[in-house]
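Here is the structure we will look at, set down as structure tokens.
Note on naming: letters A, B, ... go to the chains in the order of the sequence lines (proteins, then strands), and numbering restarts at 1 for each one.
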Amino acid sequence: MLQQTTIAAVRDYYTAWMKRFPTINSLAQASEQEVLRQWEGLGYYSRARNIHKSAQVLDAAGTELPKDYKELLKLPGIGPYTAAAISSIAFGLPHPVIDGNIKRILCRIFLWPKWNKERETQASACLDKWIKPGPAGDFNEAMMELGQKICTKSSPQCGQCPFNSLCLAHKENRQNEIPEATSSRQIIKKTCLIICVHHNHILMTEKKQGLLKGLWVFPALQGHELSPVLEWLKKHDADFKGPLVLKIQNHLYTKYKDQLLPLVFRLESTISLNEEKGCWIPLDKIGDFPMASVYRKIVGELEKCLEKKNTRFICLP
DNA sequence: AATACGGGGCC
DNA sequence: GGCCCAGTATT
């Protein structure tokens with residue numbers, strides 16, 4: 001859960017997760033849909049699918065979580081950081097972790113402008129030496145916390161840092177320029193969401209690949225033009241009223257800003273989707289279906305809208 | 001070596 | 001509105 005996610009965001013999810021999946025077996029037995037439902041809102045959903053898969057691998061083998069770094073590394077979703085964190089913090093083995101905090105700390109100590117493969121090797125050798133005297137897990141947690149609390153990205157508190165006497169960045173008073181800032185500009189996307197309503201059911205599909213894989217989404221078309229949407233409805237023989245245009249919701253992820261325009265259509269009868277395999281979901285069951293936060297929000301907006309007696313669906317000529 | 005992959009919190 | 005976060009898998 002903590003991969004690229006703040007402790008504050010994780011804490012409540014972790015508590016609920018451990019209550020629902022207290023053992024490897026209980027996680028292995030659960031459906032992927034329920035696993036994703038528990039993860040909903042945390043993002044990076046491949047993490048949920050991977051930990052589920054790992055639980056199933058261990059459960060099938062009848063083994064516990066391995067203590068060994070290289071064995072941990074074989075499990076899906078466990079990379080160098082997580083393998084080192086588990087083997088050191090959970091099992092006390094002398095393996096240094098290298099996370100974003102520690103990369104920043106070492107860049108400053110050695111005045112490295114940026115991180116690369118070469119630095120990875122140098123850092124491992126260095127940390128191996130530093131970690132030797134005491135408990136590896138404590139050292140690793142202390143280093144990460146140093147980065148989180150003292151050697152912060154912006155305005156680091158060098159006066160309180162135990163490394164300040166040997167830190168080259170601090171020596172040259174360049175702690176604010178190290179490591180180099182990276183910048184990438186935002187890419188705007190525009191998407192129409194086709195929200196078909198029939199009585200108390202809405203039409204959604206389970207995403208089979210790419211972004212939000214395994215989660216439920218509305219049929220969507222690129223762009224904000226209405227005509228392709230009407231074309232789509234015609235192709236699926238929809239007898240509809242609408243659209244009812246809901247407020248645009250921005251779906252922000254990594255470098256993208258996807259402006260989602262929800263278009264609601266009232267259908268006289270159900271339609272079936274060709275390749276995507278749509279599912280008409282009763283609104284009182286919608287909570288069981290995992291979906292991204294922005295889609296959950298749009299469902300909420302839709303429900304508010306449908307509750308109003310005077311909601312009018314435009315009839316297009 | 002780059003890029004895909006979420007979402008919430010902070011300034 | 002832009003940036004960041006106890007990274008990993010894929011290209």
Query - Between Phe265(A) and Trp232(A), ring centroids under 6.0 Å - result: no
Query - N-O pairing of Lys304(A) and Glu307(A) below 4.0 Å - result: no
Query raised in the report: Are any of Arg104(A)'s side-chain N or O atoms less than 4.0 Å away from OP1 or OP2 of dC4(C)?
Result: no
Requested in this report: Pick base, sugar-phosphate or nothing for Lys257(A), based on heavy-atom distances below 4.0 Å to the nucleic acid.
Outcome: sugar-phosphate
Query raised in the report: So what does Lys213(A) hit on the nucleic acid, given a heavy-atom distance under 4.0 Å: a base, only sugar-phosphate, or nothing?
Result: nothing
Requested in this report: Could you pick out which residue, Tyr45(A) or Asn116(A), lies toward the 5' side of DNA chain B when each is mapped onto its nearest nucleotide?
Outcome: Asn116(A)
Query raised in the report: What is the nucleic acid contact for Leu212(A), judged by heavy atoms within less than 4.0 Å: base, sugar-phosphate only, or nothing?
Result: sugar-phosphate
**Report entry** Lys/Arg-Asp/Glu bridge criterion (N-O < 4.0 Å) met for Glu40(A), Arg296(A)
**Finding:** yes
Report task. Tell whether Tyr253(A) reaches the base of dG6(B) with its side chain through a donor-acceptor pair below 3.5 angstrom. Result -> no
Query raised in the report: Looking across every strand, which nucleic acid part, if any, lies under 4.0 Å from Ala292(A) by heavy atom: base, sugar-phosphate, or nothing?
Result: sugar-phosphate
Query raised in the report: For the pair made of CG in Leu75(A) and C1' in dA9(C), what is the distance, rounded to whole Å?
Result: 15 Å
Requested in this report: Check whether the side chain of Ser293(A) and the base of dG6(B) form a donor-acceptor pair under 3.5 Å.
Outcome: no
Report task. For Ile51(A) and dG7(C), give me the distance from atom CD1 to atom C1', rounded to whole Å. Result -> 14 Å
Query raised in the report: Which is true for Gly147(A) with a 4.0 Å heavy-atom rule: it touches a base, it touches only sugar-phosphate, or it touches nothing?
Result: nothing
Requested in this report: Pick base, sugar-phosphate or nothing for Thr82(A), based on heavy-atom distances below 4.0 Å to the nucleic acid.
Outcome: sugar-phosphate
Report task. Using a heavy-atom cut-off of under 4.0 Å over every strand shown, decide if Tyr256(A) touches base, sugar-phosphate, or nothing. Result -> sugar-phosphate
